[in-house]
J.: 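The structure is given below, and queries will be raised subsequently.
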Amino acid sequence: MNSYGVWVITLALLYTLALIIVGNVAKRKAGRGEQYFIGGRTFRWWTVAFCITGLFSGSTYISIVELSYLTGISAIWYGVAETLQVLLIALLLIKSFREKLIVTITGLIGDQFGRRAKALSGAITAFAFPMWSVATAIAFASAFHVFTGVSLSLSVAFTALLLFVYLQSGGM
C-alpha cells in the first residue's frame, strides 16, 4: 500500500470518529428522543436541503465513477441528472415539508391517505432503505479497494468494521 492508501484509511477513521463525536454531542443537547431525530426543528430549510443533497449525491458520484469507467463517459449524465433531481426536490419541497412539520414521507402519505397507505409506504421504505445502505457500503468498499490497493475482501471487512463501530457508538 502506498502513502495515498494510508491517507485514505486515516481519513476514513477520522471521519467515522467525527461522526460518532458529533452524533453523541447532538444527542446530549436534545432534550428528548423525538427532538434528536428532528433536530429540535432548529435547522433552516436550506440546511436540511443541503444535507439531503449531500446524502444522495455522495453515493451517486461514487457509483458513477465506476459506471463511467465501465461504459464510457456518457454515463456521467446519470450523475448530473440524479444531482439535479435531488437539488430540485430539496429546493422545492423541503421548505413546505418543514412548515407542515413533516418528518417522513411515510408520515405525509399516512396523513393524506390513511393507515393502510402509511403501512404500505413504511413497508416499501423498510425494504428499500437497507438495500440502499448496503449499496452505499459496497460503493465505499469498492472505492477503498481502488484507492488503497487493499484486497476487495479486506475492503469490505474494513467497511463493515467502520459501520459496526459507528452503530455501536450510537450512530444512526
Side-chain angles (χ1 to χ4, degrees), residues 1 3-66 79 82-108 121-122 124-148 150 154-172:
M1 180 183 338
S3 62
Y4 183 73
V6 173
W7 273 104
V8 170
I9 291 172
T10 303
L11 289 174
L13 292 171
L14 289 174
Y15 182 71
T16 303
L17 181 64
L19 286 175
I20 291 168
I21 291 168
V22 169
N24 283 312
V25 167
K27 194 184 307 183
R28 272 188 244 119
K29 282 186 173 183
R32 302 177 316 211
E34 178 184 315
Q35 293 298 314
Y36 176 73
F37 290 107
I38 60 174
R41 297 216 188 273
T42 57
F43 295 122
R44 296 188 181 266
W45 69 268
W46 57 268
T47 305
V48 175
F50 180 76
C51 291
I52 289 172
T53 302
L55 172 71
F56 289 108
S57 295
S59 61
T60 298
Y61 279 120
I62 291 171
S63 61
I64 291 304
V65 169
E66 179 187 9
E82 178 76 19
T83 302
L84 286 175
Q85 167 203 336
V86 170
L87 283 171
L88 286 172
I89 290 170
L91 294 175
L92 298 176
L93 296 177
I94 296 301
K95 187 175 181 180
S96 64
F97 282 4
R98 187 174 186 276
E99 289 169 357
K100 295 176 183 174
L101 302 178
I102 295 171
V103 177
T104 64
I105 299 299
T106 301
L108 172 68
S121 65
I124 291 169
T125 301
F127 289 113
F129 189 76
M131 287 186 273
W132 178 80
S133 298
V134 169
T136 303
I138 290 171
F140 176 79
S142 297
F144 187 81
H145 164 67
V146 170
F147 294 140
T148 63
V150 173
L154 284 177
S155 296
V156 170
F158 179 72
T159 302
L161 181 65
L162 282 179
L163 284 170
F164 179 74
V165 168
Y166 173 67
L167 293 172
Q168 289 300 311
S169 301
M172 229 184 253

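The structure presented is a predicted model; accordingly, all values stated were derived computationally and were not measured.
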J.: Tell me every residue that passes side-chain contact (heavy atoms from CB on, under 4.5 Å) with Ala137, counting only those two or more places apart in sequence or in another chain.
T.: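 Counting only residues at least two positions away or on another chain, Ala137 forms a side-chain contact (heavy atoms from CB on, under 4.5 Å) with Thr159, Leu163.
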J.: Closest heavy-atom contact between Gly122 and Thr106?
T.: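 Heavy atoms of Gly122 and Thr106 come nearest at N-CG2, 3.7 Å.
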J.: Would you give the length of the straight line joining atom CG of Leu14 to atom CH2 of Trp7, rounded to the nearest 0.5 angstrom?
T.: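 Answer for the CG-CH2 pair, Leu14 versus Trp7, is 9.0 Å.
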J.: Distance from Leu154 atom CG to Leu161 atom CG, nearest 0.5 Å?
T.: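 Going from CG on Leu154 over to CG on Leu161, the span is 11.5 Å.
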J.: I'd like to check the side-chain contact (heavy atoms from CB on, under 4.5 Å) partners of Phe144; sequence neighbours left out, ordered by chain and number.
T.: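 Testing Phe144 for side-chain contact (heavy atoms from CB on, under 4.5 Å), a comparison that skips the adjacent residues, returns Val8, Ile9, Phe140, Thr148, Val150, Ser155, Phe158.
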J.: Suppose we screen for side-chain contact (heavy atoms from CB on, under 4.5 Å). Which residues come up paired with Tyr15, at least two apart in sequence or across chains?
T.: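 Expected list: Leu19.
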J.: Considering residues at least two apart in sequence or located in another chain, which fulfil the side-chain contact (heavy atoms from CB on, under 4.5 Å) criterion with Thr16?
T.: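 Listed in chain order: Ile20, Leu162, Tyr166.
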J.: Any idea which heavy atoms bring Pro130 and Ala126 closest together, and the distance?
T.: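 Where Pro130 meets Ala126 most closely, the heavy atoms are CD-O, 3.0 Å.
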